[in-house]
Amino acid sequence: MAHGGGGGGGGRGGGRINVLNVAEKPSVAKSVSEILSRNQQLISRRGRSQFNCIFEFDYVIRGQPCHMLFTSVLGHLMELDFDDRYRKWNSCDPVDLYHATVRKFVPEDKLNIQRTLEEEARKCQWLILWLDCDREGENIAFEVIDVCTKVNRNLDIKRAHFSALIERAIKDSVQNLVMPNKLFADAVDVRQEIDLRIGASFTRFQTMLLSNAFVLDASTNTDGRNLVLSYGPCQFPTLGFVVERYWEREAHEPEDFWTINCTHRSEEGTATFNWMRNHLFDYACALVIYELCVDEPTATVTDVRHQEKLKYPPYPLSTIELEKRASRYLHMSAEHTMKVAEDLYNWGFISYPRTETDRFSLETDLRAMVSEQQGHERWGSYAQRLLDPEAGVWRNPGNGGHDDKAHPPIHPTRFSNGESNWTQQHHKVYELVVRHFLACVSQPAKGAETAVHVDIAGEKFSSTGRVILEKNYLDVYIYESWAGSLIPTYTHGQQFMPTTLTLDSGVTRPPPLLTEADLLTCMDKAGIGTDATMHDHIKKLLDRSYAIKENAYFIPTDLGQALVMGYDDMGYELWKPYLRARMESDMKDVSIGNKRRAEVLDACLQQMKACFIDARARKEKLFEAMGNFFERSNRSSNNDQTSGGVVRKCDLCHNSDMVLKQKPDGNFMVGCLGYPLCRNVVWLPGSISQAVVTGNTCLTCTPGPVFKIQFKFRRLEIPPDYNADHLGCIGGCDDTLKQLIDICGTGARNTSSTPGRGRGNPTSSSSGQRSNSRGRMACIYCRQTGHSSDVCPSHISQSNRRTQGFGQQNGRGQGNSTSSSIGGRINPRNQDFGRQNGEASIPCSSCGSPCTLLTSNSARNPGRKFYSCQACRNFNGWEDMLSGGGSVPRPSGFASNARRGGRANRSGGGHGSSGAFVSATGEPVSGRCFICGDPSHFANVCPNRGR
DNA sequence: GCAAGGTC
């Protein structure tokens with residue numbers, strides 16, 4: 001782009017123009033100002049915000065003399081939230097949040113920054129954006145543009161792209177200004193809106209549905225605040241990792257195995273030889289081999305190999321590595337580590353702690369940084385050795401392959417022997433940063449390894465010994481060790497008699513619970529969160545009482561398990577990382593112009609809205625899952641049900657009024673205020689979005705007066721030929737209402753199993769209406785009688801979901817008559833929708849009977865296979881979802897729609913050569929080596945095994 | 001009372 005002027009009017013004379021420069025944070029404004037001004041005549045003054053001062057200096061950009069005004073924001077200047085009318089939780093149906101008006105605004109605590117920008121922008125001709133060079137930075141750039149151009153429409157807008165805060169990069173960028181990238185900003189707008197709508201809708205839904213319905217108080221840590229059961233596209237997959245590992249562990253069944261061990265002691269030392277078969281699960285087989293060895297115990301050396309081994313120092317330090325290593329070495333949580341690191345950064349002792357970069361740029365003066373550390377009492381002498389060319393310890397740091405183009409790896413920026421205001425943690429984190437940095441610029445440790453293979457009666461054994469020749473970086477990086485042991489000298493063909501030769505038993509172990517370092521690794525691999533937010537997502541699990549941390553391991557609470565179980569039983573993967581991964585991929589497409597912003601936003605929200613509606617329709621799954629862990633609650637507060645006015649005098653007790661109420665889950669009912677003495681209730685259709693008692697009275701129903709209710713139905717949930725607006729009567733005269741109750745179902749559920757809140761009166765109005773009229777009703781899709789909408793041939797997947805819902809509701813609450821009506825639907829389904837093609841392979845999640853594998857003939861899922869219960873016809877899930885990692889093993893006692901918990905893992909290996917854990921169905925299951933802790937392999941193939 | 005993303 002050409003830079004030729006931008007107008008001289010308003011400048012300080014001599015053709016000089018005023019240029020407003022804005023960085024993402026105060027430290028960048030300061031650094032860039034210092035670099036460009038060379039600290040000559042650099043003036044700083046306070047702005048309206050106490051953190052964001054304004055630097056002033058003169059500079060020439062492509063021949064144009066400029067007076068630079070350099071200030072900053074603090075990350076995002078604006079927030080996205082719903083319009084005020086949707087902000088209160090009871091203001092609307094949560095599903096409305098998928099299309100509710102949202103607005104971007106500058107929040108209260110950023111108004112000072114906005115005012116500074118406005119004041120300075122009025123004086124300027126150019127606006128140069130120095131935001132971080134990533135998508136979020138680009139989005140913040142447009143927030144700044146929005147604020148500045150509102151007060152000065154003539155601003156010439158430019159973007160500086162810099163790869164590091166070093167002189168050459170900064171000076172290059174200011175002479176090569178570009179246009180801001182709207183596509184990048186669009187991608188962030190999409191992400192923000194999706195996160196908000198999904199997060200708020202599911203959070204309100206599950207909080208209002210469950211928080212008062214169960215006795216949760218003892219298990220939650222609300223500190224007097226209202227309990228919120230939040231859902232978020234990052235926090236839930238994080239919870240998913242914790243729950244999944246916990247269930248894998250609980251489902252593990254220990255298994256005995258046998259192994260042959262051999263040792264040989266000589267004057268030079270002792271060697272331990274490991275059996276090359278590792279171990280066998282068959283005792284008889286192991287015994288036979290052992291006896292062969294004992295009969296001919298002479299060992300013959302078949303191979304001796306000497307090799308030099310290197311152990312490399314770590315790559316330069318990124319945020320995630322800092323968090324992981326502080327967790328492992330210092331036993332500090334990621335959240336606390338970041339707090340301490342931010343302190344050290346703000347006090348000037350370390351570089352910016354939120355960075356993805358794990359390579360130093362070539363321009364970095366690494367030796368100067370090392371030189372600063374020479375005076376330290378503990379690592380100063382090592383720093384001196386590093387700088388001594390004769391010592392030969394220096395090595396240019398490795399390249400970890402990541403670069404966020406905005407920040408260098410975390411490194412010390414100022415020497416300190418410790419400050420008086422530092423806590424123990426400040427000392428530890430500073431020490432880790434310095435030692436890590438010094439290790440990065442060091443030679444790897446060198447060792448000599450000897451591997452010896454022997455043969456005893458045809459069985460192969462091996463032993464490895466190691467001697468460390470040069471410790472190098474290990475001298476300063478005290479957190480790592482490289483244990484080795486000496487073994488005697490052996491030569492090819494040598495024979496010896498083992499000192500011991502034993503047959504030992506062992507038992508397979510479950511995979512360990514996740515540590516914070518493991519969890520961060522899982523999140524990083526799955527793209528959950530950013531370097532700046534991952535620790536927040538982990539903390540959120542603890543704050544929401546979804547998990548606890550015990551001895552550095554994460555354990556899901558009952559609440560965390562119940563929520564994951566509920567969605568898992570629905571067949572949804574809302575707790576898996578795929579949703580976020582898909583969003584990330586869509587964002588990428590938006591940012592490179594492959595997809596339009598509106599297209600991605602509409603498609604994603606449409607899908608998630610459908611998912612939300614479906615999840616809500618099958619909320620009984622959440623209730624069942626919660627019921628596995630918690631007692632139902634008797635609580636009924638004003639918050640629990642929203643009263644909407646008197647409808648009539650109770651026709652059962654004749655004492656109290658019947659009032660319209662909206663339950664926490666959004667469903668409506670008309671109940672007697674005499675509850676629990678009087679349990680009269682009229683359940684209303686589940687498809688109502690709004691209901692208001694009117695002043696109109698029914699002329700038919702007695703005893704009167706019965707006030708009519710103005711209903712608003714959700715359009716997509718009722719048949720097309722019904723009006724969304726309906727003035728109805730609950731007295732019994734209203735056929736339309738009866739029909740919609742029959743078609744859509746009601747909010748009644750779980751009545752017989754819930755003694756506290758349950759209003760399972762079999763004579764209640766709606767129950768009677770539903771069971772009596774079901775057989776006569778027409779299908780809402782094809783409008784034919786003889787079958788109901790939930791088994792309509794043209795809507796197989798919906799029918800599956802609905803059948804499941806009704807089946808459980810009716811089966812529990814309404815006895816035999818309803819059960820027989822479900823039975824009546826068995827044949828049509830098999831004949832119409834499914835071709836039986838397999839025998840039972842999993843038990844039904846509802847009744848435990850064997851399931852049959854059927855093939856769907858529906859238009860929506862042609863050829864897709866699903867499990868159907870032979871006895872109760874419960875839909876038990878799509879085959880491809882059950883076998884493709886859609887579910888996880890559960891602890892025994894919990895039915896899963898995928899499979900019941902069984903032997904899942906064999907941490908001892910012994911099956912196949914991969915060494916991976918293998919589940920009962922043959923799928924690999926993630927785990928971690930229990931010898932060295934490395935998640936990339938298991939103990940049976942651990943290189944440190946036996947050392 | 002809700003998300004996740006910036007940053008102090």
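Throughout, protein chains are lettered first and strands after them, A, B, ... in sequence-line order, and every chain is numbered starting at 1. This structure is a prediction, so every number in the text was calculated from the model and none was measured.
- Taking the ring centre of Phe142(A) as origin, the terminal cationic atom of Lys182(A) falls inside the region bounded by 6.0 Å and 45° from the ring axis.
- For Tyr352(A), the listed nucleotide lying nearest its side chain is dC8(B); candidates were dC2(B), dG5(B), dC8(B).
- Arg204(A) has no side-chain polar atom (N or O) that falls below the 4.0 Å cut-off from OP1 or OP2 of dG1(B).
- Remark: Lys609(A) engages no residue in a salt bridge (Lys or Arg N to Asp or Glu O under 4.0 Å) (not counting sequence neighbours).
- Under 4.0 angstrom from either OP1 or OP2 of dA3(B) there lies at least one side-chain N or O belonging to Arg544(A).
- In this structure, Asp81(A) reaches the bases: a heavy-atom distance under 4.0 Å links it to at least one base atom across the strands shown.
- Considering only the side chain of Tyr345(A), dC8(B) comes nearest among dG1(B), dC8(B), dG5(B).
- Taking the side chain to side chain contact (heavy atoms under 4.5 Å, CB included) definition, one finds that Ser416(A) meets it with Phe349(A), Glu419(A), Trp422(A), Tyr430(A), sequence neighbours left out.
- For dC8(B), the OP1/OP2 oxygens have no side-chain nitrogen or oxygen of Gln50(A) closer than 4.0 Å.
- Under a cut-off of 6.0 angstrom, the local environment of CD in Glu599(A) is crowded, with over 12 non-hydrogen atoms contributed by other residues, nucleotides or ligands.
- Using a 4.0 Å heavy-atom distance criterion, Tyr231(A) is classed as a sugar-phosphate-only contact.
- If you take NE2 of His535(A) and C1' of dG5(B), they are 12 Å apart, rounded to a whole angstrom.
- Among the atoms of the strands shown, none is found under 4.0 Å from any heavy atom of Leu77(A).
- Under the side chain to side chain contact (heavy atoms under 4.5 Å, CB included) criterion, Arg45(A) pairs with Ile54(A), Glu56(A), Leu69(A), Glu120(A), Lys123(A), not counting sequence neighbours.
- Here the side chain of Glu136(A) is nearest to one of dA4(B), dG5(B), dC8(B), namely dG5(B).
- Comparing dT7(B), dC8(B), dC2(B) by their closest approach to the side chain of Asp132(A) singles out dT7(B).
- Computed from coordinates, the Met338(A) CE to dC8(B) P distance equals 11 Å when rounded to whole Å.
- Remark: Lys88(A) is not in phosphate contact with dC2(B), judged by side-chain N or O atoms under 4.0 Å from OP1 or OP2.
- You'll find the side chain of Ile198(A) reaches within 4.5 Å of the side chain of Met608(A), heavy atoms only.
- If you take CG of Leu74(A) and P of dG5(B), they are 19 Å apart, rounded to a whole angstrom.
- When each of Phe82(A) and Thr530(A) is assigned the nucleotide of DNA chain B bearing its nearest heavy atom, the one mapping closer to the 5' terminus is Phe82(A).
- Among the atoms of the strands shown, base atoms are found under 4.0 Å from some heavy atom of Gln192(A).
- Between Thr207(A) and dC2(B) there is no side-chain N or O to OP1 or OP2 distance below 4.0 Å.
- The residue Gly529(A) sits close only to the backbone: its heavy atoms come under 4.0 Å of sugar-phosphate atoms, none of a base.
- Applying the salt bridge (Lys or Arg N to Asp or Glu O under 4.0 Å) criterion to Asp146(A), with sequence neighbours excluded, gives Lys150(A).
- Note on Arg197(A): every side-chain N or O is 4.0 Å or more away from OP1 and OP2 of dA4(B).
- Within the 4.0 Å cut-off from OP1 or OP2 of dA3(B), not a single side-chain nitrogen or oxygen of Thr203(A) is found.
- Remark: Arg103(A) qualifies as a cation-pi partner of Phe105(A) under the 6.0 Å distance and 45° angle criteria applied to the six-membered ring.
- We find that CD of Glu193(A) is positioned 16 Å from P of dG5(B), with the value rounded to whole Å.
- Relative to the side chain of Trp89(A), the nucleotides dG6(B), dA3(B), dC2(B) differ in distance, and dC2(B) lies closest.
- Side-chain contact check for His336(A) and Ser333(A): no donor-acceptor pair (N or O, by modelled atom type) lies under 3.5 Å.
- Contact annotation for Lys339(A): no contact, since no heavy-atom pair falls under 4.0 Å across all strands.
- The side chain of Ala532(A) lies closest to dT7(B) when the candidates are dG5(B), dA3(B), dT7(B).
- dG6(B) atom P lies 8 Å from atom CD of Glu356(A), rounded to whole Å.
- The distance from atom CG of Asp195(A) to atom P of dG5(B) is 7 Å, rounded to the nearest whole Å.
- Atom pair Leu131(A):CG and dG6(B):C1' shows a separation of 10 Å (rounding to whole Å applied).
- Sorted by residue number, the members of residues 23-32 of chain A with any non-hydrogen atom under 4.0 Å from DNA chain B read Glu24(A), Lys25(A), Pro26(A).
- Residues passing the side-chain hydrogen bond (donor to acceptor under 3.5 Å, both in side chains) test with Thr337(A), sequence neighbours excluded: none.
- Distance, Glu584(A) CD to dA3(B) P: 19 Å, rounded to whole Å.
- The side chain of His537(A) contributes an N or O atom lying less than 4.0 Å from OP1 or OP2 of dG5(B).
- The shortest distance between the side-chain N/O atoms of Arg135(A) and the OP1/OP2 oxygens of dG5(B) is not below 4.0 Å.
- When each of dG6(B), dA3(B), dA4(B) is scored by its nearest atom to the side-chain atoms of Lys110(A), the top-ranked nucleotide is dG6(B).
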